[in-house]
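Since the model is a prediction, treat every value here as computed from it, not as a measurement. So you know, we letter chains A, B, ... as the sequences are listed, proteins then strands, and number each from 1.
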Amino acid sequence: MTNNNFGEDFYEHVYRVVAEIPEGRVTTYGAIASYLGIASGARMVGYALNKSHKAGIPAHRVLNRLGQLTGRAHFPDDTMRERLQQENISFTEEYTVDIEKHFWNPNEMS
DNA sequence: CCCGTGACTGGCA
DNA sequence: ATGCCAGCCACGG
C-alpha cells in the first residue's frame, strides 16, 4: 500500500475515464487528473497509463496539454500516431494534434 | 531511508 | 513567442 488516499483505486479511475474517451476525440493528462480531484497529478496519470499497457484502453487518445504525443515511445513503432489518424484526428505537426479541435472534457461523460 | 526519474504543467525570464 | 525551472508525487534501486 501507499500513504496516499487513492492507492490502486486511482489507477482504476484513470482507466475508467480513458475508456470513455470517444473515437476521434482526445484529452490531456491534466484534464483527467483534474477530473479525479488531483489538479497536480498529471504525472501520476501518465504513470498510471504506463502501467496500463494490458488494460485494453484507448490510451493513445491521451496527450499532453499542447496536443503532443508525448507517450508515443511507449507504443510499438508509430502505433499511437497511426491510431489517431485512423480516427480522422487532424495534426498540426507530425507528432502534434489539433487539441483545440478534438479536445474532450471528462466532465462531458455521457 | 535517500535519491533520481518521469506518458506533466504553469509561471517566469 | 520560445524556452527554462521548479513543483509535483509514486516508484524502484
Show your reasoning for whether side chain to side chain contact (heavy atoms under 4.5 Å, CB included) applies to A:Lys51 and A:Tyr15.
-> CA-CA 10 Å; A:Lys51 189 190 156 204; A:Tyr15 301 159; 4.2 Å; yes
Heavy atoms under 4.0 Å, any strand shown: does A:Asn50 hit a base, just sugar-phosphate, or nothing?
-> base
Starting from [atom2] on [N], measure out to [atom1] on [X] and report it in whole angstrom.
{"X": "A:Lys51", "N": "C:dG12", "atom1": "NZ", "atom2": "P", "result": "9 Å"}
{"X": "A:Asp9", "N": "C:dA10", "atom1": "CG", "atom2": "P", "result": "14 Å"}
{"X": "A:Arg65", "N": "C:dG3", "atom1": "CZ", "atom2": "C1'", "result": "12 Å"}
{"X": "A:Gln68", "N": "C:dT2", "atom1": "CD", "atom2": "C1'", "result": "13 Å"}
{"X": "A:Phe10", "N": "C:dC8", "atom1": "CZ", "atom2": "P", "result": "16 Å"}
{"X": "A:Leu36", "N": "B:dT9", "atom1": "CG", "atom2": "P", "result": "14 Å"}
{"X": "A:Arg72", "N": "B:dC8", "atom1": "CZ", "atom2": "P", "result": "12 Å"}
{"X": "A:Leu66", "N": "B:dG11", "atom1": "CG", "atom2": "P", "result": "14 Å"}

Within the side chain of A:His60, is there an N or O that forms a donor-acceptor pair under 3.5 Å with the backbone of A:Arg81?
-> no
Below 3.5 Å is the cut-off: list the nitrogen or oxygen pairs between protein and nucleotides 3-6 of chain B, distance only.
unit_1: B:dG6; atom_1: N9; unit_2: A:Arg43; atom_2: NH2; d: 3.2
unit_1: B:dG6; atom_1: N7; unit_2: A:Arg43; atom_2: NH2; d: 2.9

Hey, are the side chains of A:Thr27 and A:Tyr35 touching, using non-hydrogen atoms and a 4.5 Å cut-off?
-> no
Out of curiosity, A:Ile32 CD1 to A:Ile38 CD1, how far, rounded to the nearest 0.5 Å?
-> 11.5 Å
Rounded to the nearest 0.5 Å, what's the gap from CD1 on A:Ile57 to CD on A:Glu20? Could you check?
-> 11.0 Å
Examine B:dC8: is either OP1 or OP2 under 4.0 Å from a nitrogen or oxygen in the side chain of A:Thr70? Give yes or no.
-> yes
Ignoring backbone atoms, establish whether A:Tyr11 has a side-chain N or O less than 4.0 Å from OP1 or OP2 of C:dC11.
-> yes
Residue pair A:Ala59 / A:Phe75: nearest heavy atoms and the distance that separates them = C-CZ, 4.0 Å
Is the number of heavy atoms from other residues, nucleotides or ligands within 6.0 Å of CD (A:Gln85) greater than 12?
-> yes
Decide whether A:Ile99 and A:Phe91 are clustered together by the hydrophobic rule: side chain heavy atoms of Ile, Leu, Val, Met, Phe, Trp, Tyr closer than 4.5 Å, transitively.
-> yes
Examine A:Ile21 and A:Met80 and state if one hydrophobic cluster contains both, with Ile, Leu, Val, Met, Phe, Trp and Tyr joined whenever side-chain heavy atoms are less than 4.5 Å apart.
-> no
DNA chain C: stems of at least 3 consecutive Watson-Crick or G-U pairs, cut-off 3.5 Å?
-> B:2-6 with C:9-13, B:8-13 with C:2-7
